[in-house]
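Whatever order the structure lists them in is the order used to number ligands and atoms, beginning at 1. Computed from a predicted model, the values in this text were never measured in an experiment. All values below were derived from every heavy atom in this structure, side-chain atoms included, with hydrogens, water molecules and symmetry-related copies excluded.
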Amino acid sequence: MNHAKSEALMSAAKNVIPGGVNSPVRAYRTVGGTPPHIMRGDGAFVWDVDGNEYIDMVLSYGPLILGHCHTEVCQSLHHAVDTGTAFGAPTAGELGLANRITACFRSVEMVRLVNSGTEATMSALRLARAATGRDLFIKFEGCYHGHADPFLVQAGSGALTFGAPDSPGVPAATAEQTLIAPYNDLEAVQALFAEHEDRIAAVFVEPIAGNMGMVHPLPGFLEGLRAACDSAGSLLVFDEVMTGFRVSRGGYQDLTDVRPDLTTMGKVIGGGLPIGAYGGSRALMERISPAGDVYQAGTLSGNPLAVAAGDKTLEILAREGAYAKLEQAGAGLEKGLREVFESAGVPVTIPRTGSMMCVYLGADPIHRLGDVAKTNTELWVSFFRGMLEHGVILPPSPYEAWFLSTAHDANVVGRIVDAAEKSLSALV
Ligand code: KE4
């Protein structure tokens, strides 16, 4: 594939944008080469500036659950653009989106819209600290909750990709308030509570960890976190920025009996426009200004464009068959990939829930970050490059989850499997 125009753009971009990108993982530092500069998308496909076509398994790291340029989503956006992009005033659309979210998430009676997942988690942490009068909180190795200082301690996603778990610029005093445990390790959590019980404001957890690849909670893990928080008077926060409306209309919490006190969201609820949200019980959320005394604000929070795209996306996801289509695509791809890796004699682990999945090269069980580090990431990089050359663009790191959309039909899934077969045959 020719990447001359992408290379020229990247070279120029590096002069005016740090690393040439506006989010680190896009720089392809782990996988090497120049990231294709995407010119347009349509359905399951994107095209780069050199005219190369790819099946897109990134989908902007989750938001494009209906595929690129969905007709109805674009129509809603065009209408919003034609009536005004931002007012700094309440709009009916924000109420509509808030109603959709609270109707789907049983633990969310009230929700505040913000502009990113980072804003959602940093605000949820502030609220948890205010509600409990405590400062410490627990997060898990390899879980990523955005780039606010308190969370950049042994984070996942790009922070892992860059091997910079504790980012410079995060004051030691801040990092000291962040307690870390291995994912799926209840004993470690119980030990932290035993040591700091009346000082822990919250436990933040990705109910499915999607920022060290994809790691499911072991049976009893989330239930144990709920019990530990109840016993200590701490809040349980599910970071469903990635899983919200992705793994089900009610997020992962709708697939379990565990109810968090606060939930953070993003990605899908904005349909590809910048958005985040946090929500929980009325009692908790009415602590948020101006109803309460916990301050949080945002110039473009609830802006008409993101609300229009997000509300239409959630409306379409509510239609009969949407999640069945996502499950069909995910199951078909998982089956096809297992067959291809097996016939190539390459051990593989493919965790999946619905249209969210990943591929680890290795057969050992993966329950926490340490297990991910033992997989064959070198071969994974070669596999990634093979897939790219065969017209499939994956998230450029073994520490990212893969996503499918309702536009990834059986023909597209078949093409992804074919690309995997070709990539592997060149490697083994
Ligand atoms: P944003 O601030 O990037 O909108 O959301 C932060 C965030 C919070 N919580 C979870 C569970 C998340 O997955 C994220 C962001 N996810 C990464 C993908 N692994 C965003 C990709 C990027 O950083 O470019």
Side-chain angles (χ1 to χ4, degrees), residues 17-31 35 38 56-65 113-125 137 139-162 164 167 183 202-217 237-247 251-253 260 262-279 298 300-301 306 309-310 353 356-358 369 372 393-403:
I17 304 173
V21 293
N22 285 305
S23 198
V25 68
R26 304 176 192 170
Y28 275 36
R29 291 291 174 82
T30 299
V31 295
I38 302 302
D56 186 11
M57 296 290 290
V58 182
L59 296 174
S60 189
Y61 294 92
L64 278 302
I65 197 167
L113 301 179
V114 292
N115 297 287
S116 68
T118 293
E119 279 190 54
T121 58
M122 62 185 264
S123 306
L125 177 58
F137 77 102
K139 74 173 285 289
F140 296 91
E141 287 169 346
C143 282
Y144 181 70
H145 303 289
H147 64 88
D149 280 357
F151 294 103
L152 278 184
V153 180
Q154 297 189 43
S157 185
L160 265 183
T161 301
F162 286 76
S167 170
Y183 195 74
V203 175
F204 271 71
V205 66
E206 290 181 58
I208 300 178
N211 288 286
M212 45 178 151
M214 180 173 177
V215 183
H216 284 95
V237 185
F238 274 11
D239 181 351
E240 297 225 43
V241 166
M242 190 178 282
T243 53
F245 291 98
R246 166 61 65 179
V247 297
Y252 189 74
Q253 58 193 270
L262 289 173
T263 301
T264 55
M265 298 172 222
K267 295 181 190 279
V268 169
I269 65 168
L273 276 287
I275 200 164
Y278 63 104
L300 291 171
S301 295
T353 297
M356 178 179 165
M357 62 191 288
C358 88
L369 182 61
V372 177
I393 194 162
L394 301 174
S397 165
Y399 295 107
E400 295 293 345
W402 303 8
F403 300 101

**Student:** Could you tell me whether the side chain of Tyr183 and the main chain of Glu206 form a donor-acceptor pair under 3.5 Å?
**Tutor:** yes
**Student:** Can you list the ligand 1 atoms lying under 4.0 Å from a non-hydrogen atom of Gly146?
**Tutor:** 6 (C), 7 (C), 8 (C)
**Student:** Between Phe204 and Phe151, is the ring centre distance below 6.0 Å?
**Tutor:** yes
**Student:** For atom 13 (O) of ligand 1, tell me which residue out of Thr243, Val241, Asn211 has the closest non-hydrogen atom.
**Tutor:** Asn211
**Student:** Which one holds for His145 and ligand 1: side chain close, backbone close, both close, or neither close, with close meaning a heavy atom under 4.0 Å?
**Tutor:** backbone
**Student:** Might you work through the side chain to side chain contact (heavy atoms under 4.5 Å, CB included) test for Tyr278 and Met265, ending with a clear yes or no?
**Tutor:** CA-CA 6 Å; Tyr278 63 104; Met265 298 172 222; over 6 Å; no
**Student:** Please identify which atoms of ligand 1 are closer than 4.0 Å to at least one heavy atom of Glu400.
**Tutor:** 18 (C), 19 (N)
**Student:** Report, in ascending order of atom number, the atoms of ligand 1 lying under 4.0 Å from any heavy atom of Ser23.
**Tutor:** 22 (C), 23 (O), 24 (O)
**Student:** Just jot down the ligand 1 atoms closer than 4.0 angstrom to any heavy atom of Met242, in number order.
**Tutor:** 13 (O), 19 (N)
**Student:** Report yes or no: does Thr121 contribute a side-chain atom to a donor-acceptor pair with the main-chain N or O of His145 at less than 3.5 Å?
**Tutor:** yes
**Student:** For the side chain of Arg246 and the backbone of Met356, is there at least one donor-acceptor N/O pair under 3.5 Å apart?
**Tutor:** no
**Student:** Measure the CD-OG1 distance between Glu240 and Thr264 for me, rounded to the nearest 0.5 Å.
**Tutor:** 8.0 Å
**Student:** Under the side chain to side chain contact (heavy atoms under 4.5 Å, CB included) rule, what do Tyr144 and Asp239 come out as? Steps first, then yes or no, please.
**Tutor:** CA-CA 9 Å; Tyr144 181 70; Asp239 181 351; over 6 Å; no
**Student:** Which of the numbered atoms in ligand 1 are under 4.0 angstrom from any heavy atom belonging to Glu206?
**Tutor:** 11 (C)
**Student:** Would you say Ile275 and ligand 1 have an N/O pair spaced under 3.5 Å apart?
**Tutor:** no
**Student:** Is the closest N or O pair between Lys267 and ligand 1 shorter than 3.5 Å?
**Tutor:** yes
**Student:** How many angstroms lie between OG in Ser23 and NE2 in His147, if you round to the nearest 0.5 Å?
**Tutor:** 8.0 Å
**Student:** Does any N/O atom on Asp239 come nearer than 3.5 Å to any N/O atom on ligand 1?
**Tutor:** yes
**Student:** I want to know if ligand 1 touches Tyr61 in the polar sense, i.e. an N/O pair below 3.5 angstrom.
**Tutor:** no
**Student:** Which atoms from ligand 1 have a heavy atom of Ser116 less than 4.0 Å away?
**Tutor:** 2 (O), 4 (O)
